[in-house]
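Each chain gets a letter, A, B and so on, in the order the sequences are listed, and its residues count up from 1. These numbers were taken from a predicted model, which means no experiment stands behind them.
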Amino acid sequence: MKTTSTSTIPFSSFSNYGVLSSSATIPFSSVSTRRKRRHNCVFSSSKPPPQTPTLPPNCSDLGVARQVFDETPNRDRPIFAWNVLMNEHAKAGDLDQCLSLFKDMLEHGIQGNPHTFSCVLKCLASSGSVSEGAALHGYLVKSGFISYVAVGNALITFYSKRRRIDSALCLFEGMLKRDVVSWNSIMSGCISNNLAEKAIGLLVKMRLWGIDADAMTVICVLRACARTCFLCFGRAVHGYSIKSRFVEEANVSNSLIDMYGKCGDSDSAGRVFRCMYRRTAVSWTSMISVYTRDGRFDEAVDLFKRMEEEGVQPDAFAVSSVLHACTLGGSLEHRRDVHDQIIRIGLESDRVVANALIDMYAKCGSVTDARVVFDRIASTAKDVVTWNAMIGGYSKNSLTNEALSLFGEMMRLQVKPNCVTITCVLPACASLSSLEQGREVHGHALRIGCYSDMYVMNALMDMYTKSGALDLACALFDRMEAKDLLSWTVIIAGYSMHGHGGQALVTFKAMRAKAIEPNAASFLAILRACSHSGLIEEGQKFFDAMREECKIEPEMEHYSCMVDLLSRAGRLTEAYSFIESMAVKPNSSVWTPLLRGCQAHQDVKLAEKVAERIFELEPENAEHYMLLANVYAEAVRWNATKKFIERLNRRKGSSKGCSWIEIRGKAQVLLMGTTRHTPNPRRSGHCWRAWD
DNA sequence: ATAGGGTTAG
């Protein structure tokens with residue numbers, strides 16, 4: 001080892017080794033044994049008849065093999081036969097069969113060999129309990145099998161996959177013999193257990209130990225770079241993989257694309273993609289995701305279309321990722337094209353694809369289309385994601401009753417909800433202010449055990465504040481050990497909603513004291529609190545702090561909140577000049593609070609001026625005319641009211657009729673006709689309405 | 001024996 005002096009930058013220790021001569025030409029031709037994805041057809045129309053122990057059709061000889069094996073007397077069954085059968089069962093995805101064979105083996109007093117144990121550990125890693133694996137670990141130590149590297153490696157993977165990275169690390173440190181696979185396994189375990197930095201540290205150590213990296217090492221390190229956004233190190237690894245010719249391996253290039261994309265360098269990702277000698281479906285999928293992450297949705301969709309043209313059959317992954325691009329920003333035409341292509345390829349019946357389709361249609365506002373896909377999936381084939389996507393779709397589109405009734409159906413069918421389900425359905429309870437339903441969902445959350453899920457806790461608090469139970473929201477807030485920005489924002493908005501402006505201010509300060517940086521939404525919450533409680537100076541201070549200290553550009557809602565704040569306090573001219581000074585063109589939501597202020601403070605002259613600006617912006621919205629009519633009425637300007645209403649009724653093409661009556665010395669304006677712009681009943685103020 | 005790509009939440 002002569003590289004110790006340059007080891008501060010790990011890559012330099014790479015470059016000292018140059019090209020790895022022995023394994024450079026055909027480094028990993030044998031690694032391509034990837035688990036085959038089973039294609040689950042979920043649509044009821046094409047459902048195959050149910051059969052109990054399912055074996056893939058091309059593996060029916062496994063059944064025969066098993067039969068022969070079972071009929072053979074134990075003394076004639078070599079250990080090799082046990083291992084082969086166990087491996088085949090594991091490969092077919094039948095882990096129970098594999099494990100029960102192992103138990104039979106032990107009962108027959110047959111001692112396994114390293115192959116047996118790595119197979120069993122693989123099964124336990126994907127389905128078993130930690131205690132079973134730990135028991136086996138104990139046995140392996142006692143029997144001495146632990147000294148086989150392959151056995152130790154399999155144990156590392158087992159502990160990593162069961163999220164016991166400490167045990168994996170402890171085992172790794174204690175290993176007497178380690179090979180590349182040991183290092184790759186522990187690095188990969190660290191990465192999937194959120195210890196990507198540790199993985200990079202391990203790589204440095206590995207180089208110091210003089211162990212040569214292989215293609216898998218490069219793939220692991222690239223994943224660590226992607227996780228930590230360590231672009232410069234990722235570039236160094238790229239350089240190394242060119243020198244070592246690992247880059248010729250499609251899997252390495254795919255990881256490079258992913259790394260560049262996740263580090264925000266989509267141009268480099270594109271360069272790697274274009275330079276590839278042979279692109280696999282994974283390469284295309286990775287590149288589609290890179291463009292999607294970068295907001296280049298059209299390019300993502302184009303790439304998907306090109307994929308098939310260039311002879312690579314898109315799989316469920318490619319399709320799901322392009323659907324994600326369509327969800328975030330594709331045109332209607334793109335969505336139709338992609339859906340047609342999916343049907344043509346025959347992937348519409350894949351469960352993940354169907355779920356992505358539901359999500360796409362729901363997020364793009366066509367809940368009906370989403371529901372069509374949802375209904376086409378056989379009820380036995382629906383998974384939690386399917387239900388969540390549909391319920392969440394209803395929630396997001398303000399179809400609260402549909403969201404709640406679908407959740408009810410899910411419960412009736414005894415589909416087990418998860419934390420995501422809870423966050424999908426809670427907004428529906430919140431928007432109905434239905435404390436009863438909200439509490440019921442809370443009960444489900446308790447039963448599932450969502451108390452450590454931040455999303456659920458925030459959604460619960462939001463629901464309680466909106467259902468009038470601020471005290472319950474506060475109790476949850478106090479009990480949370482970890483609070484994020486959203487938790488604070490929800491509780492500040494809650495105080496604001498219930499008129500506790502002072503408490504909102506205190507909470508906002510407490511949040512900043514914890515070094516949590518407010519965003520646009522939390523500023524809106526605190527501004528609303530100031531406006532509702534008449535805290536004018538404080539509101540102005542927050543508005544200035546938002547722009548100057550936090551460098552957040554105010555959105556229309558912030559402006560309208562400030563106008564509301566000033567207008568309520570009667571500082572109407574100030575509000576007017578505030579609007580005039582805005583950097584962006586104000587819309588009607590900024591003007592209307594001022595018009596309401598004019599009504600409350602009976603400033604007819606300013607009201608007329610403001611109203612004309614609003615009429616220009618939205619001439620079709622009857623609400624605005626009503627507002628001005630009410631200003632006149634409020635100020636007991638009978639003639640003006642009458643004249644204005646006559647003007648309204650003369651308006652060409654107006655489908656609405658307007659009238660007014662006097663009750664107890666006050667004018668009440670009546671609007672008749674169909675409502676294109678459904679008014680908010682909470683804001684109706686002095687007007688009465690007679691619809692149709 | 002080890003690895004990479006996708007979907008649902010605020």
Side-chain angles (χ1 to χ4, degrees), chain A residues 28 31-35 37 114-115 117-119 121-122 148-158 160 179-189 191-192 214-223 226 249-259 261 280-290 292 314-325 327 350-360 362-363 383-393 395-396 418-427 450 453-459 461-462 484-487 489-490 521:
Chain A
F28 259 118
V31 205
S32 53
T33 46
R34 233 198 130 214
R35 254 176 308 145
R37 254 185 75 80
H115 286 106
F117 300 121
S118 58
C119 177
L121 282 166
K122 210 168 134 191
Y148 288 91
V149 202
V151 171
N153 294 347
L155 269 170
I156 291 175
T157 309
F158 164 77
S160 302
D179 58 7
V180 213
V181 180
S182 324
W183 289 90
N184 292 349
S185 306
I186 193 66
M187 285 195 319
S188 147
I191 297 160
S192 14
D214 65 4
M216 201 58 70
T217 317
V218 172
I219 290 171
C220 284
V221 177
L222 286 173
R223 195 154 75 102
E249 183 98 15
N251 292 339
V252 172
S253 282
N254 294 343
S255 299
L256 278 167
I257 294 171
D258 187 53
M259 181 276 294
T280 64
V282 179
S283 325
W284 290 89
T285 307
S286 306
M287 203 54 222
I288 290 170
S289 302
V290 170
T292 308
D315 60 2
F317 286 106
V319 168
S320 311
S321 57
V322 77
L323 283 174
H324 190 212
T327 307
D350 181 280
R351 183 196 284 132
V352 177
V353 171
N355 291 346
L357 274 169
I358 294 174
D359 184 53
M360 177 187 79
K363 288 221 175 101
D383 66 356
V384 215
V385 181
T386 319
W387 289 93
N388 293 350
M390 199 61 230
I391 295 171
S395 271
K396 273 188 283 277
N418 64 11
C419 298
V420 179
T421 321
I422 305 296
T423 48
C424 284
V425 75
L426 275 174
C450 292
D453 189 306
M454 205 100 83
Y455 295 109
V456 171
M457 295 305 283
N458 294 343
M461 291 192 296
D462 187 54
D484 67 356
L485 176 60
L486 197 67
S487 327
T489 307
V490 165

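Phosphate proximity of B/dA3 to A/S188: present, with a side-chain N or O under 4.0 Å from OP1 or OP2. Between A/K363 and B/dA9 there is a side-chain N or O to OP1 or OP2 distance below 4.0 Å. Distances shorter than 4.0 Å separate none of the side-chain N or O atoms of A/H324 from OP1 or OP2 on B/dG6.
Within 4.0 Å (heavy atoms only), A/D258 reaches sugar-phosphate atoms of the nucleic acid but no base atom. Within the nucleic acid shown, A/N458 has no heavy atom closer than 4.0 Å to any nucleic acid atom. Using a 4.0 Å heavy-atom cutoff across all strands shown, A/N418 reaches no nucleic acid atom at all.
For the pair A/N254 CG and B/dG6 P, the interatomic distance rounds to 12 Å; values are reported in whole Å. A/L256 places its CG atom 14 Å from the C1' atom of B/dG5, with the value rounded to the nearest Å. Atom pair A/D383:CG and B/dA9:P shows a separation of 13 Å (rounding to whole Å applied). In this structure, the NE2 atom of A/H115 is 6 Å from the P atom of B/dA1, given to the nearest Å. Protein atom CG of A/D214 is 13 Å distant from nucleotide atom P of B/dT2, rounded to whole Å.
Partners of A/S118 according to the side chain to side chain contact (heavy atoms under 4.5 Å, CB included) rule, which considers only residues two or more places apart in sequence or in another chain, are A/A154. Taking the side chain to side chain contact (heavy atoms under 4.5 Å, CB included) definition, one finds that A/T292 meets it with A/I288, A/F297, A/A300, A/H324, A/A325, A/L328, sequence neighbours left out.
Of the possible polar contacts, one joining the A/S182 side chain to the A/D179 backbone as a donor-acceptor pair under 3.5 Å is found.
Closest approach to the A/D359 side chain among B/dT7, B/dG10, B/dA3 is made by B/dT7 (side chain taken as heavy atoms from C-beta onward). With B/dA1, B/dG5, B/dG10 as the candidates, the nucleotide lying closest to the side chain of A/S289 is B/dG5.
A/S283 and A/T280 are linked by a side-chain donor-acceptor pair at a separation below 3.5 angstrom, with hydrogens and angles left out of the test.
A/D315 contributes a side-chain N or O that forms a donor-acceptor pair with the base of B/dG5 under 3.5 Å.
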